Amino acid sequence: MRKVKISIKNLSKNFGDKQVLNNLNLDIYESESLAIIGESGTGKSVLTKCIDGLENYESGTISYENIEDIKKLSKSKKNNYMGKFGILFQNAALFDSLTVEENLKFCKKNNLKKILKDVSLPESLLKEYPNNLSIGVQKRVGLARAILKNPEILILDEPTTGLDPIISKQINSLIKKLVEKKKITTVTVTHDMQSVYEFSDYTAFIENGSISWYGKSNEIKKKGNRSLINFINGIY
Amino acid sequence: MNYLNDKFLFFFKKIGSVFFEVFSSIGEIVLFFVDFVRYLFIGKFYAKNFFLQLIKIGYNSLPVVGLTSIFTGMVLALQSYTGFSRFSAESAIPNVVVLSITRELAPVLAGLMVAGRSGAAIAAEIGTMKVTEQIDALKTLSTNPFNYLVVPRVLAGIISLPILVFIGDIIGVLGGYLICTQVLNFNPVVYLQNTYNFVEFLDVFSGLVKACVFGFIITLMGCYYGFNAKGGAQGVGMSTTYSVVSSSILILLMNYILTSLFFNL
């Protein structure tokens, strides 16, 4: 029996005159991995930022377990709500004035070596500054930071963007291993269909600010609508 | 006719939008200030960040402020001599130097120098953190960005500027002393005695109060424009420029207001 973790109803979000999300409806289920795909600028990252409370929205509701609408939360309760998320940002967003160790210590003071092992990184990296690391390694550290505080929901914003195919494959397998091991509800925004097939149970396709297709990731090719098939085949 | 009407309306719309932007910015800055005051008393205090900022804003600005002060004191002594020698009032030069330096020049020039140096650095650092989602990351790591970034910087600004200005006062007076004794052949003991006898507590105190206010303005503006940086490198560059320009204008404005207040004391 699937249990709804987050329910999004009629969500709309504008930036000035531009409407990015338009009456979007989506349910995110507990312990499942959902991939959100779509063309650039269709509002995928904005949607995740609305979900984790980093962006406000004009209309609609986002309910989380027994919270009716996260928009109505007080500042302190919103902070608690945001603490439930572990986020891997598009460019890792590591604090560049701090070492890897200090970045990780933001979440937890101990077990850092174990978490580095989990993301296949050597202990020697702890004293390095993020600017000295490749983007692939930065993303692994970002992933370690995201999972270190044992989040209820893991959000991965384009985890493989900007990486070469080999590193992308490594990151995808790493995420698959972590998602399967920890059974965390995961939302992944991606353009990389490999990420979708490798570790996402379900896929939502965003078009014109709303979900135009939702279904099992392994049924995309069989049941996907025309726009989705065109998208994965690179036809616009 | 319609064309003229459109032009006329366009003109007033433009003026209206400029006024709207100015007043909405003022409102946002006031709200930012209110948030600063609120988080000053609630939430975690990051002592390590505070001491780091004391070093960055205060200690690291010392060479720039010192150089500005010494040259200002030297120039002031030379220019005063040019004027005062015309009516044989050379003995008043130590008084003019110490009054100008402590009341006016050291706080204003130190403020402007620190605005260009540290204010710009604060706006650039926080702006980069904003556009690279580091501030969003802080929020999701249950760390309040105001407590972590703004409070330590503004407090460090308020504390370090008066210290810088006090040191600047001493160096500026020393600059005047060097010129008067080495170039203009003043008696060193008489110069120092004149300086010491003439300067009052209020002269130094008013300069230090100004410095506190300027330190607050510089760091608050740096943090505000950094937090509101948009886009990429260009957005960060713009936030840095706005931070320095607005800090400099506010410093000059507040300098007049504070001088008027102290003038009546």
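This is a predicted model, so every value here is computed, not measured. By convention in this document, chain letters (A, B, ...) are assigned in the order of the sequence lines, proteins followed by strands, and residues within each chain are numbered from 1.
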request  = Sort out for me which of Ile135(B), Thr140(B), Thr143(B) touches chain A most, counting heavy-atom pairs under 4.5 Å.
outcome  =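 Highest number of pairs under 4.5 Å: Thr140(B).
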
Interface moiety of [X] toward chain B, non-hydrogen atoms closer than 4.5 Å:
X        : value
Asp96(A) : both
Phe95(A) : both
Leu94(A) : backbone

ask   = Under 3.5 Å, is there a donor-acceptor pair linking the side chains of Asn255(B) and Glu104(B)?
value =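 Their side chains do contain a donor-acceptor pair, which is all the 3.5 Å distance test asks for.
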
ask   = Does the ring centre of Tyr242(B) sit less than 6.0 Å away from the ring centre of Tyr224(B)?
value =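 No, ring centres 6.0 Å or more apart.
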
request  = Take Lys84(A) and Tyr64(A) through the side chain to side chain contact (heavy atoms under 4.5 Å, CB included) test and state the conclusion after the steps.
outcome  = CA-CA 11 Å; Lys84(A) 295 177 191 296; Tyr64(A) 174 87; 3.3 Å; yes

ask   = Taking NZ, NE, NH1 and NH2 as the nitrogens, is one of them in Lys49(A) or Glu55(A) under 4.0 Å from a carboxylate oxygen of the other?
value =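 No, no charged N to carboxylate O under 4.0 Å.
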
